[in-house]
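In what follows, chains carry the letters A, B, and so on, assigned in the order in which the sequence lines appear, proteins first and then strands, with residues in each chain numbered from 1. None of the values given here were measured: they were computed from a predicted structure. The basis for the numbers below is simple: all heavy atoms, side chains too, and nothing from hydrogens, waters or symmetry mates.
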2 protein chains.
Amino acid sequence: MNLKELSKILGLSQTTVSRALNGYPEVNEATRIKVLAAAKAHNYSPNLRAQSLATGRSNAIGHVIPMASSHEMVNPIFGDFISGAGEVYAANNYEMLLSIVQDGGEENVYRGFKTRSTVDGVILHGPKMNDSRIDLLTEIGLPFVVHGRASGISTPYSWLDVNNRSAFARATDFLLDLGHRRIALLNGLEFMDFAHRRRLGYEEALTARHLPIDASLMRSEEMTETFGYTATRDMLTVPNPPTAFLVSSIISALGVRRAIEEAGLVMGRDVSIITHDDSLSYLTNGADVPIFTATRSSVRDAGRALSQMLLSQIQNPTSNPQSTLLEVELTVGQSTGPAPAVKQTA
Amino acid sequence: MNLKELSKILGLSQTTVSRALNGYPEVNEATRIKVLAAAKAHNYSPNLRAQSLATGRSNAIGHVIPMASSHEMVNPIFGDFISGAGEVYAANNYEMLLSIVQDGGEENVYRGFKTRSTVDGVILHGPKMNDSRIDLLTEIGLPFVVHGRASGISTPYSWLDVNNRSAFARATDFLLDLGHRRIALLNGLEFMDFAHRRRLGYEEALTARHLPIDASLMRSEEMTETFGYTATRDMLTVPNPPTAFLVSSIISALGVRRAIEEAGLVMGRDVSIITHDDSLSYLTNGADVPIFTATRSSVRDAGRALSQMLLSQIQNPTSNPQSTLLEVELTVGQSTGPAPAVKQTA
DNA sequence: GGGGTTGTTCAAACCGCTTTGAAGAGATGC
DNA sequence: GCATCTCTTCAAAGCGGTTTGAACAACCCC
C-alpha cells in the first residue's frame, strides 16, 4: 500500500492525502478524519526512503564505533549507552544507524554519511585528546555531539561529559581522609580524554596535600578484569605496597578484588578500592549494599540526554553548541576503610 | 555532487554514468575509466536514499533489541555480537539499523520495517521458547535469521546456535567425573530458549548416571553478578551444600566466586565452578591460564557468521533455510578440582 | 548494397513521497 | 452583480538515483 493507491481508494489527490497525514492545516477536518481512518484501515505508512528523498531529512542518527584491530575490544559501556539513546530515537521517530569501523576508516564513514545523506547527525564516541574527528565533522558540516570531551580542541562543539577530574579528585581525597598515603591508580588508556582527566584529578588531590606523585603506582591500560588483576597482583608484591586502589572501571575493580583476595588480604580492611561505576545494567555494584565504594554516573542516562541534545540541535541548526557536565555521585560501599596501621620498621 | 551534475561535467548521459559506476558491461571501457576517475575526483557517491528508492533494496539490516521495561537489562553480549556483524556489513556495503523497543512493541517495528521498506532483513535476538516473532516474520515475508533457536516452532527458519544442551551435559559430566554429586545450576531465565536447553543438558547428564534432580540446586534468573553472588551465598549455608556450580555466564560466575571466597572457601578446592564463556572482549576468562573452567563459544564469531548467513539469504531469496550448530570448546581452568572428601557423619 | 549483428549511448519513465503554484467553490464586501 | 478573499483541492514538478526501449554507428556477411 503506497500513497498513490491510498489516494485512489479515497478519491483524493496524493497532495491532499499527504497533507492530511502530515497534519498540514489547509485540509478540511472531515477529510482528514477520513484519510486517517483509511490509512489505518489499509495499514499504510510512508516509505521511509521516498520520504527522506523528498524532504532531504533522513530521520536517522549515526553512531560510529571505532574498533582498533589490534586490541579487539568493544567498549562495554556501549550497550547501555545506546539503549538510553534508543529510547529517545524511538520516541522521536528516528532510526539509529551503527557503523563498526576499523580505526582510521572513520573519516571515510563520516564523509560518506554527508555526501550520501545517510544520517542527519552523529554521536561521537570515545573522544581522544586532540581528537581530529571533531574538526573533521565541523568541516564537513555534519551535526554532531560528543560523548565526553576532547582536550586540546579549540573549535566549539556540543558535548556531554562526566566531570572526571573532580570525580577522581574527590575519590582520592576520600582515601586520603581515611589515612591512605600510597594510592594506586588503575586508569584507562590515557590518550582517551576521560582517562587523562581522571589522572589530572588524582594528581591534583595528591598535590594539594603536598604528597608525591609516584609513577610506580600508576597504570594505564584497557579496562579489563585481567588488567585489574595483574596490575594489583604485581603492585602488592613490591615492598611498601599501596594500601588503596583507585580504579577506572568496575570491571577492572573485580580483577583488583580477585588479586587482593588471592593474596590473602581482606578488601576494605587491608586494602581499599574505589572504582568508577557507569551503572551498567548487567554489572550493578551489588544489590542494596554497594560492593565497591564508587563514583557513579549512569551511562544510560548520558545516552538519553545526549541524543536529545543532538535532536534539538538538528531541529535548530543555528543554535549555539551546548554542553553538559555531570557530577558523579560518591557512594560508600564495603570496599573502603581506614588505612591499616603502618608497620614500624625494626 | 549528484549524478546529474557529474554527467553534465562528463558530457555523458546519467544512464551511461550510472552504468559505468555500477559495472554494467554495455559501456565502453575507455569511458568507464573516465567516469570512475571523475567520480573520484569530484568525490561523488550515490545518495543512498535515492538509490534504494530506485532499486527497491535498502542495503540495511535491522537488529531489534527487546528491552523489558521491568528489568532494564541490556544483553551484555550484544556489543560483541554486533561488532562481529558490523564487520561483515561494512565489507558488503550494508548499514546496520538498531531499534531499541519495549517488550511487546516488536510486532509494530517489524511490520514497519516491511511496509516502509526500511531494511532488507533482520536478525532476531534472544529467542524465547515458542517465540511468536518467528511466525510473525515468516508471515510478513521479511527475510530473517535467528541468533539461537526457538523450541516449539514448527515452521522452518534459518538459525545459528551454540549446542547448549550438549555443552551443559559435557560440563556436568566433567564435574561428575571429578566426583561431584551435588551440582548447582545457576541458569539464565528459563523461558529463554538457550537457558531451557542448558537445563536439559544438565538434567540429561545427571539422569544418565541415575542421579536425582534436585530443584533446590537450581536457580533461574537474569545473569548478573549479584545473582551469582546471592544464589551461591544462600546455597552454601544450607546443610549438605553443593560442591560445584554450573553457571550460565561468566558475569554470574564472578559473583559465585565472590560468595565462595567470602565464605572462606577456596575455589577449585572446596567448591568448583564451570561457567559458559561467550568470549566477551571486555571480560576475558583470564590471560594465559583461564580462571574458570568453561564451555566457550565466541559470540563475536557468531555475529560474523550469522550476518553472513542473512546476506546470502537476501541475495538468494528462494534458497532453503540454513542452520548452524556450533559446538563449544571445553577449557579447563583453575576453578575446578576433585570433589572434597565427604565428611563422615558420626 | 541491403539485412543483420554488435557495441555504445541516450531520452524518458519510474521508484514513492513532498511541495509549489494554480484553480475551483463559496463566502464576503461594496 | 462583480471583484476579492478564504477554504479546499489538485496536477505537476521535484528529490537522485536505476532501468527500459530506442537510436545511432560501425562492422560483417553474402
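Put simply, the side chain of B/T138 gets close to the backbone of B/I134: a donor and an acceptor are under 3.5 Å apart. Not a single donor-acceptor pair under 3.5 Å links the side chain of B/S323 to the backbone N or O of B/L160. A donor-acceptor pair under 3.5 Å is formed between the side chain of B/T55 and the backbone N or O of B/Q51.
Proximity of residues 49-56 of chain A to DNA chain D (heavy atom under 4.0 angstrom from any strand atom) is restricted to A/L53, A/A54. For the segment residues 23-33 of chain B, residues with any heavy atom less than 4.0 angstrom from an atom of DNA chain C are, sorted by number, B/E26, B/V27, B/N28, B/T31. Residues from residues 1-13 of chain B that place a heavy atom under 4.0 Å from any atom of DNA chain D, listed by number: B/N2, B/L3.
Judged purely by distance below 3.5 Å, without hydrogens or angles, the side chains of B/T115 and A/S45 pair a donor atom with an acceptor atom. Looking only at atom types and distance, the side chain of B/R49 has no donor-acceptor partner in the side chain of A/S117 under 3.5 Å away. A side-chain donor-acceptor contact under 3.5 Å links A/S83 and A/R300.
Note: CD (A/Q14) to P (C/dT20) measures 16 Å, nearest angstrom. Atom pair A/Y44:OH and C/dG16:P shows a separation of 10 Å (rounding to whole Å applied). The distance from atom CG of B/L21 to atom C1' of D/dG16 is 13 Å, rounded to the nearest whole Å. With rounding to whole Å, A/N47 atom CG is found 6 Å from C/dG16 atom C1'. Per the geometry, CG belonging to B/N59 stands 20 Å off P belonging to C/dC15, to the nearest Å. Atom CZ in A/R19 sits about 13 Å away from atom P in D/dA11, given to the nearest Å.
Along DNA chain D, the nucleotide nearest to B/P46 and the one nearest to A/T15 differ in position, and the one closer to the 5' end is contacted by A/T15.
A sub-4.0 Å separation between OP1 or OP2 of D/dT18 and a side-chain N or O of B/N22 is present. Distances shown here put a side-chain N or O of A/S18 below 4.0 Å from the OP1 or OP2 atom of C/dT18.
Contacts classified as salt bridge (Lys or Arg N to Asp or Glu O under 4.0 Å) and involving residues 108-129 of chain A (residues at least two apart or in different chains) are given here: A/E107-A/R111, A/R111-A/E139.
Relative ring orientation between A/Y282 and B/Y282 is described as tilted, the plane-to-plane angle lying within the 30° to 60° band.
Looking only at side-chain heavy atoms (C-beta outward), B/S99 and B/I65 stay at 4.5 Å or farther from each other.
Residues meeting the ring-ring contact (aromatic ring centres under 6.0 Å, His included) test with A/H147, sequence neighbours left out: A/F81.
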Pairs under 3.5 angstrom only: tabulate donor-acceptor contacts from the side chains of residues 29-38 of chain B to other protein residues two or more places apart or in another chain.
from	atom 1	to	atom 2	distance (Å)
B/E29	OE2	B/R32	NE	3.4
B/T31	OG1	B/N28	O	2.6
B/R32	NH1	B/A20	O	3.0
B/R32	NH2	B/Y24	O	2.6

